[in-house]
Amino acid sequence: MKATYNFAEIEKKWQKRWDGSNIYKVFEEIGKPKKYILEMFPYPSGELHMGHVRNYTIGDVIARFNKMSGYNVLHPIGYDAFGLPAENAAISQGVHPKKWTYQNIDTMRNQLKSLGISYDWEREIITCEPDYHKWGQWIFLKFLEKGLAYKKKSSVNWCPSCETVLANEQVKNGFCWRCDSFVEKRELEQWFFKITDYAKELLNDLEELEGWPERVKIMQANWIGRSEGALVDFTVKGLNEKITVYTTRPDTLFGATFFLLAPEHPLVNELVKGTPFAREVEEFKKKIARKSEIERTSEEMEKEGCFTGVYAINPVNNEEIPIWLANYVLMEYGTGAVMAVPAHDQRDFEFAQKYNLPIKVVIQPEGISLDVATTKEAYIGEGVMVNSEKFTGMKSSEGTKALIKDLEEKGKGKASVNYRLRDWLISRQRYWGNPIPVVYCDRCGIVPIPESDLPVLLPENVDFTKKGIFPLITLEEFVNTKCPECLSPARRETDTMDTFTCSSWYFLRYTSPHEENAPFNKETARYWMPVDQYIGGIEHAVMHLLYARFFTKVLSDLGLCQIREPFINLLTQGMVIKDGAKMSKSKGNVVDPNYIISKYGADTARLFILFAAPPEKELEWSDQGVEGCYRFLNRVWKLVHEMMPFLKDEIDVEMDKTDENLKHMIHRTIKRVTEDIEERFNFNTAISRIMEFVNALQKYNEERENKNSRVLKEAINTLIVILSPFAPHMCEELWEKIGNKESVYFESWPSFDERWAQAEEINLIVQVNGKVRDKIVVSADITKEEMENQALSSEKIKKYVEGKQVKNVIVVPGRLVNIVTA
RNA sequence: GCCGAAGUGGCGGAACUGGCAGACGCGCACGACUCAAAAUCGUGUGGGCUUUGCUCAUGUGGGUUCGAUUCCCACCUUCGGCACCA
C-alpha cells in the first residue's frame, strides 16, 4: 500500500467536499466565545498574486487554529469591487467595468478555493452590488444629516491621468498613489467627510490599541499631527482688521520681525486694494497658483515672497512689522497666517536673509551667546527669554505659559491645539463607484435622495470612449431628474464616492451580509465585533485603517454599533519579494500562484509562504525553498502510511526509553507550536518544530522495532492535527485514512502535559570565566548545589581551575554554571 | 531634515526574560541505492589554527556585566513613513 502523495487529486477531493457540506459556515452562538478573524479583502484586479496568498494563508492558519481551540470563528471574504482599474480596463479593452469586475471576481474566488482557505462563503460581499452600495449611500446621507459630509470649493489634488481628484492620503510625494502621475492643484467644488472632527479621538484612541504594531500607530499619529500652541491676534495698521496667527512658540513673540500670509489668504486682496502694491501682489499670487504641489516643494524649498505695503501690529509690544506673502505659508494649516521669527525658525531665517529683513534674538540657549551678526542658522531650541520686556529671564516653557495667560487676559489670544489632518475629500469624477445620492435643485439647493429611493443605481449603458469627459455627466437620462422636495426639474450629482468609503465599513456588513433593513444588524454586530485579528499589508497603515476607524466612530455615534474601534489586533504582513525587489510585471520577477499550486499543490504553497519568513517581515521567494516544503510533506505522507499498520494493532508493549523520548517530543512539540502560533504568530518556527517532530518520528520508526501503538497513535494524531491549519488538504486525507469519520477541522487543538513537555535530562553548561568548557548531561530536577558540585568535579573543568583561586560560582538553575577565577 | 524598523554562515532564517550563537530549511560536499541519471536515504557543513583541542566571529567602535545577537552610548549602511505643518 505505497500510496504516493497525489496532491492534485487530494486537494480537489477535499475542496469539493468542504464546499458541498459548507463546513466553514458559522452563526452566532450566544455564550460561546467568538473570534472574528479578518484579512483585508482584495481588489478584483485579475488574479491573485503572492501577496494575496500570503495574506490569506496567514489569516487561514489563525482562523483554523482558533476554531480548533474552541472559539466560534467568523472568517469571511469579499471583494472591494468599485474602482479605477475596472474603468481603465473598460477604456483600453472596451469591456464594461461591471463585466470585467465580475469576471475577475470569479477567477479570484476559484483561486481562493483552490488554496483551501476556510471562508464562510455564504457571507461573501461584493461592494458594487446594489444591496451593499445602497447602504454606503445611506451612510453618506447620515453623514450629511450630521454635518459630517459637506461640499466646499477648495484647492484640491487633481490627477490629470486618472482625471479625478484625490484625497491627501492618496498623494504620495506629489504623485498619484495609483498611476504615479504628477498631481496638480485645482480649485474645485468637492464633497468632503469631516474627519477632522474626530482628529482628537482618532489620535487618543491609538493608545488603547495595544494589539497594533507600534510603527502603524506612529504613522497614524504623525499623519494626524497634533501640535500645541496659541492663537494670537495681530491687528492691521490703519485698518480695522484683525489677523489671527497660530504659533507653537508663543515664547518667541517678541522676536517677530515680520508677518506672513499664505498667497491664497482671503484678506490679501482687501489689504492691497487700490495701493501701488496691488499689481505685484496679484502677479505673485498667480505665479504661486500656477505651481503644482510638487514644484512648490521640489525646488530645494527656495523661499519666495512679496511685500504688501501693509503693517501688522504685534499685540505684545505694539511693534509694527511688515506683512508679506510667502510661498511656504499654507492656507490649509493653522490660520494661513504666520508671525515670522527669523532668529528662531529656519524658514523665516532664510526668508529674512533673502529679503533683508531684521532678525532679533529673543531666546538664548544655555551656555551659548547668540549673535545675529555671525549666526548662520536659526536657533530653534528652547532656552531663556531675552529682549522680551517683563518676560525676560523666563525659560521657554514658563514663558509660553505666562504669555498665553497674558494674551488671554488682554483678550488677544488663547491656547490652541492644531492638527495636520485635513478633511477627507471623497468625491471622484469617475463612473465605476458608488454614486453620491443627492440632487441639485435651483430652488432647494442640495437635496438628499430619500431613503426609500435608494440605491441610486449606476446606469449601465455608458460610453467610455470619450477621453476627458467622464461618462455620467453626459448621460441625460441619469443627470436629469426631479427634486425630491419640490418636484421641479433638478440635476443629479454625477460624482461617485472614493472607493475607500466602501472598505470603511465592510467588516460590519460581514456580521449580517444579507440584512435588508439596515447596513448591518445591530445584534449580530454586537456579537461579532470588534474584529479580533485583522491582517493586511502595511501600505494601508494610514489610509484604509484611519478611514475605517473614523467610520466606526461615526457609526457608533449614530447608535448603529457599540464599539469605538473596529480592529483590536492588527498584523501587518511584509511584502513578497524576489531577487531583492517587489514582484512586478515590469521587473519580470512575478511568480504565479497558479503555477505553484499546479506544480506542488496548495498545501506546499501555503507551507512555504509561512515557513520562509515571519509574517511581518519581507519574504524572499525561493523556488528551492518551495521544493524543500514539498519534500517535507512527502516525508510526512510516507511516514504516516508506514506507521498505519502499527496503529491498528493493539500491541500494548511496555514503554521503553525510546517510547518515552517520543512522548516527551510529542508534548514538547504541542507546547512550542501552540505558543508560536498563539503568542507571536511565528509560523516559521512553528513549522520548524513540526519538522523536528517528524524527524524524531522517523528516527523512532527506525530504532523501535516493537512499536508502542498507544504512543505511536498519540504521535500520529498529534502530527496530523497540528499540521492541519498549515496543510489542510493533506491532513484531511491522512485523518480519514487513519480511520476518522469527521473532518479534522472539527478536532480540538491538542493540549500538552507540562510534565511530559519538560525534558528528563538537561545539558548542563559549564563555563569558566564566561567561556564554555564542558557540557554535562544531568537530570532535570538537579539542585543548585548538585549543579555546582558536578561542575567543579568535571575533569575538563579541573584543568582550567587548577592552581587558581575560585572567586565566584554563578549557578543558573537548569541551565549553567559559571566559575569565575581570580 | 524629522520619525520608525532592520543589519547574524554561501542563502531564507533560529536563539524565551542577559546564559551552549547558527534550531529548521535551502544550497554544497561525500557516501548508499542505480548500468547511469533523477528521486530517495545517510553523513558532514561559520572562519582560522599547531584539530581529543584552541581561537576569532551576530554592521563598526566603546561601555555595563561573572556572562551581551539581547541592555546603554556613539557611528555606518539599508529599507519604510512624513516632509516648508509655523
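In what follows, chains are A, B, ... by sequence order, proteins preceding strands, each numbered from 1.
At A23(B), none of the side-chain N or O atoms of R668(A) fall inside 4.0 Å of OP1 or OP2 (strictly under the cut-off). Listed pair Y246(A) / C85(B) fails the phosphate criterion, with no side-chain N or O lying under 4.0 Å from OP1 or OP2. Proximity of R815(A) to the phosphate of G67(B): no side-chain N or O atom is located under 4.0 Å from OP1 or OP2. Residue R773(A) places at least one side-chain N or O closer than 4.0 Å to OP1 or OP2 of U55(B). Here N684(A) reaches the OP1 or OP2 of A14(B): one of its side-chain N or O atoms lies under 4.0 Å away. Put simply, N682(A) has no side-chain N or O that comes within less than 4.0 Å of OP1 or OP2 on G13(B).
Nucleic acid contact for R689(A): none, since no nucleic acid atom lies under 4.0 Å from a heavy atom of the residue. Contacts of N695(A) with the nucleic acid, taken as non-hydrogen atoms under 4.0 Å apart, involve only primed sugar atoms and P, OP1 or OP2. I765(A) comes within contact range of at least one nucleobase, with a heavy-atom separation under 4.0 Å. In this structure, G225(A) reaches neither bases nor backbone, as no heavy-atom distance under 4.0 Å exists between it and the strands shown.
Using a cut-off of 4.0 Å between Lys/Arg side-chain N and Asp/Glu carboxylate O, E228(A) and R226(A) are scored as salt-bridged.
Put simply, the side chain of L325(A) does not reach to within 4.5 Å of the side chain of L260(A), judged on heavy atoms. Using a 4.5 Å heavy-atom cutoff, the side chains of N157(A) and Q170(A) are not in contact. In this structure, the side chains of R689(A) and D676(A) come closer than 4.5 Å at one or more pairs of heavy atoms.
Classified by its glycosidic torsion, G53(B) falls in the anti category, the angle being over 90° from 0.
In terms of position along RNA chain B, the nucleotide closest to K799(A) lies nearer the 5' end than the nucleotide closest to the other residue of the pair K799(A) and N818(A). A residue-by-residue look at T335(A) and K796(A) shows that K796(A) has its nearest nucleotide of RNA chain B further toward the 5' end.
For the residue pair S227(A) and Y419(A), no side-chain donor N or O sits within less than 3.5 Å of a side-chain acceptor on the partner.
Pairing for C20(B) is absent, judged as Watson-Crick or G-U wobble with the two contacts each under 3.5 Å. The base-pairing partner of U77(B), taking Watson-Crick or G-U wobble contacts with both distances under 3.5 Å, is A6(B).
The base of G19(B) sits with one of its N or O atoms less than 3.5 Å from a complementary donor or acceptor on the side chain of Q767(A).
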